[in-house]
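I have placed the structure first, in the form of structure tokens, so that the comments after it can refer back to it.
These values consider heavy atoms only, across backbone and side chains, with no hydrogens, waters or symmetry-generated copies. Below, chains carry the letters A, B, ... as their sequence lines are ordered, and counting in each starts from 1.
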Amino acid sequence: MEKLQYSFSEVEKKWQRKYEEERVFEAEPDPSRPKFFVTFPFPYMSGPVHLGTAYTLTRLDVIARYKRKRGFNVLFPFAFHWTGTTIAGISDRIRRGDQKTIEILEKMDGVPREEIERFKDPVYLARYYTEKNRAVLKDYGLAIDWRREFHTTSLNPGFSTFVRWQYLKLLKNGYIIRGVHPVVWCPRDKSPTGDHDRLSGEGVFPEKFYLVKFRLNDSYLVAATFRPETVFGVTNVWVNPEANYAEAYVDGEKWIVSLETLQKLADQLKSINKTREFKGRELIGKKVITVFTGVSVPVLPASFVDPSIGTGVVYSVPAHAPYDYMALEDLKHDEALLREYGLDPEEVRSIEPISMITTEKYGSNPSEKIVRELGIRNQSDPKLEEATSLVYKEEFHKGMTLNNCGRFSNLPVQRAKELVIEEMKRNGAGDEMLELPSPVVCRCGTRCHVKILSDQYLLAYSSPEWKAKALKALEMMKIYPKEARENFIYFINWYVDWAFTRTSGLGTPVPWLPDQMIETLSDSTVYMAYYIISKYVNNGVLKPENLTEEFYDYVMLDKGVPEEVGKKTGVSLELLRKLRYEFDYWYPVDLRISGKDLIANHLTFYIFHHVAIFPEEKWPRQIAVNGFLRIEGQPMHKSKGIFISLKDAIEKYGSDATRITLLLAAEGLEDPNWESEKASRNMELIESIYRQVISLLGKEYVSENGHMEEWLRNSIKKRVKKITEALENMEIREAASEALYGLRNDLRWYLRRTSKPDYKTLREAVETWLNLLYPFTPHLAEELWSILGKDTILANHPWPQVVEADEKPLLLEKYLENLIEDTYQIIKAMGNVSATRLKIITAAKWKNEAFKKLLEVTEIEPSRIREIMLLHAAGVSREELGRFIGQVLKTLPSITGEYKMVLKQVLDIGERKILEEAHSFLEKEFKCRVEILSEDEISTELVKVAGKKPPAQPGRPILLIE
RNA sequence: GCGGAGGUCGCCAAGCCUGGUUAAAGGCGCGAGGCUCAGGACCUCGUCCCGCAGGGGUUCGUGGGUUCAAAUCCCACCCUCCGCACCA
């Protein structure tokens, strides 16, 4: 007797060891087999590998194992990511004694105290996690060729030679340009302030403001706005009388703006020459000339104007800007203020809003309307924000300009805006500047502003040729799920030039700028090619000094003369040729898989860089993306404690149960949800499958080859096809669910239906089942495979043949299932009585004949049905015939699709025969005597009883329960 | 704002592309029975409402539409989640 206790860790370890000993996943080129190269974006070594990583990784592992079984030579390598500032950031925080960081390391990551001390060294930290994570991944049991492992940064000289080559290629091929780049800038730290370096203002990025110049004598009062098209509605200009303003030559032109604005302009590459400073009140009452319309309007005081936003000068469009409207109303009614600034009250009160846009919702004077609706009292009412946004949205999307806008009249607002910007640019009446739409404060407490960094090295992602090439590569690629393709197109088009150099963190130096690093996303784009080389660096055959530009040019691009390359690099000719062959054999990547978050950056970079460096035949073939793992319905969040490391999961549930819990959690772009309850239940499922298989093998069976054996064989054929198709489409959950539950249910049903199961059929079914289970629960499948007495490794065993199933037995079985369901329904309607006898009376022969004809008729017409019936109903009473026709007319429309097929089969074989075959099963099922009769042979007495019931129909016999 | 995904019978979650055995898979929970010394283990059945005969009624975010027929196709609306650049 086999042991029935299933030891997860013992079994899993055993097979992992076996795979390692037999070098099952160590892949070498083999011209006799097609290759399949799969990769996973290397995880960042700033912490333990978690279940989110495991989810994606498992999906890839399933495909790798499946493809092997389909005869592909599969290469699945792995590496670790060290580049960037995150690792150094953690070390920094520990050095500063940041308790939150230390707490997370201890509690979530399970790092011992004494190790945390050592984490002050970022390199130690990276090494530590690399060691730990490699061990965990090996315990998880992935089909990885570990000989090719590496990590990034200059701490790995071999890898750095490759990145160096990559960037030299990009530079030579013209994909790197010099240019400017705007950042959120902290003037105190003198460095860009990323989202995570901010005290407040997360998610705030530079936006374009338009500058409109109002002539004031020999200078310009320069106002900032998001809505330059509204210049046609200007009635006045606002300045804050208490704020400081300055007069300065900006690129040689005399401007008046708030004092703070000068620094911002200077940081946006304007030349600034300040001539004078003064208070805003000095400007009040002056007249300025409007753009386009050339009207003279007054400068008026407004407290809502913030000198640190925009230019500290706002032009007033009271009809369309609620702020302006309110400020004007306030001023009209404030005698004291008017007097203070020596303004003519009559003149101010005579200012009327100028309508220049109309919308269906708010009309042509929206400010007044919305201010009234929201009950806004004065210009310091916070509700003005909302009012502004409501008007802006409506007018921008649905507004039309009125006929007082010169040649921009009667246009959609969006169009008018474009044209106005264009025109102002042309005639010098306007300019642009970048500004933060809301305040950003650096960790050091300093208010940030936009700075344009000049003389940056940039990846020229905005290049139309590069985009076109990337889009072409995308077009040639398979993307799973297909909805994700839209995302790629969007991001390829959206990308602008990307500054790729950094001064902090770990990484590989820019080849021509040794004091700067290549940032983390940019050094990880074509590294999959390095997997071919890394194996030889790891075993010492190649040294970093061999890996020159000429070396990679030859091996990866087939450029150069091998003899010369050999001389220059010190690599033997034989090895060079071998490497060239290996590279050519394995490359390109056939499938890369990641979380959907990487579409926006890494995967798009991956496409860009491949098309920039490699010829078309080496471009990526397929990309698959999936959702983001949630834990018990919550997004993963370490500091909130919502986090499960892969290590913890394996310790609790083992590899196989963890695998299927992840795989069954989601499909496509949906976010999978990890539930610990499900993981526990999946352990039970695995144990249950184990017991189920073992119990099948321990029994004596007779040899049968009847309907049920046919049914089982064909049902499994159907499953094989379904699972294979699902895997080919990367529908891994579908495949896993079919393999786990589908075949399990088939076997159960077979055993329930047969009193004498056939050993041979059963054994074949189990073998196929294990084969299908292997990609999902490899350890369990392998273990049972060996218990079956197989001396081969299941990993190497070919995938079952995909063949069309014979539907006939499946359809016949469907008939029986329907019959059983009907019977249960009747029993239920009777109040769940226990039956003592079940009489099944099948339809009379003439009905069957008539029905066969009916099924061939496509259009259901009452007259046609009657005609067919009459043809076969010789000797049947008019009453009976009428009743039957009525019944048929009622049910016929519902006989469609599969059921039609079922009926055809049933009528061919004969209900009687099917029922008799199932006789003993039915008695067992209903625990009562079962009689099978036909309408043609029942006694008149029975006819009377049955007469009260709906008449028998082909496929739906009368059921009499006693 | 832009782009993407999604709202299904107590919960989780299939189905939707290719409209029709779809009252709607599977799992959990709950109920009944079996096995058993016992079991929170395992096996079987049931689980929208009504019905002592296989029937009827009402369901798939909301409101319309197309169709003989819609969870499935079309339109509008409401709600949720995710990404949006120096950050891995």
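A perpendicular orientation is assigned to the rings of Tyr495(A) and Phe605(A), their planes being inclined by more than 60° (bins at 30° and 60°). The aromatic rings of Tyr44(A) and His81(A) sit perpendicular, their planes meeting at an angle over 60°, well past the 30° parallel limit. Ring geometry for Phe396(A) against Tyr392(A) counts as parallel: the plane angle stays under 30°, on a 0 to 90° scale with 60° as the upper cut. Between Tyr606(A) and His602(A), the two ring planes are parallel [angle under 30°; tilted spans 30° to 60°].
Applying a 4.0 Å cut-off to non-hydrogen atoms, the residues of residues 487-496 of chain A that approach RNA chain B are Asn487(A), Tyr490(A), Trp494(A), Tyr495(A), Val496(A), listed by residue number.
Of the side-chain N and O atoms in Arg748(A), one or more sit less than 4.0 angstrom from OP1 or OP2 of U44(B).
At a threshold of 4.0 angstrom between heavy atoms, the contacts of Ala499(A) include nucleobase atoms, whether or not backbone atoms are also involved. Among the atoms of the strands shown, none is found under 4.0 Å from any heavy atom of Thr503(A). In this structure, Glu734(A) reaches neither bases nor backbone, as no heavy-atom distance under 4.0 Å exists between it and the strands shown. Ser737(A) comes within contact range of no nucleotide atom at all, as no heavy-atom separation falls under 4.0 Å. Heavy atoms of Glu667(A) sit nowhere under 4.0 angstrom from any nucleic acid atom. Residue Arg485(A) is classed as having no contact, given no heavy-atom separation below 4.0 Å to the nucleic acid. At the heavy-atom level, Pro206(A) lies nowhere under 4.0 Å from the strands shown. Residue Glu821(A) is classed as having no contact, given no heavy-atom separation below 4.0 Å to the nucleic acid. Using a 4.0 Å heavy-atom criterion, one finds that Asn745(A) contacts no nucleic acid atom at all.
Regarding Ile958(A), its CD1 atom lies at a distance of 16 Å from the P atom of A53(B), rounded to whole Å. Rounded to an integer number of Å, the gap from Asn682(A) CG to G27(B) C1' is 9 Å.
In this structure, a donor-acceptor pair under 3.5 Å is absent between the side chains of Ser46(A) and Trp82(A).
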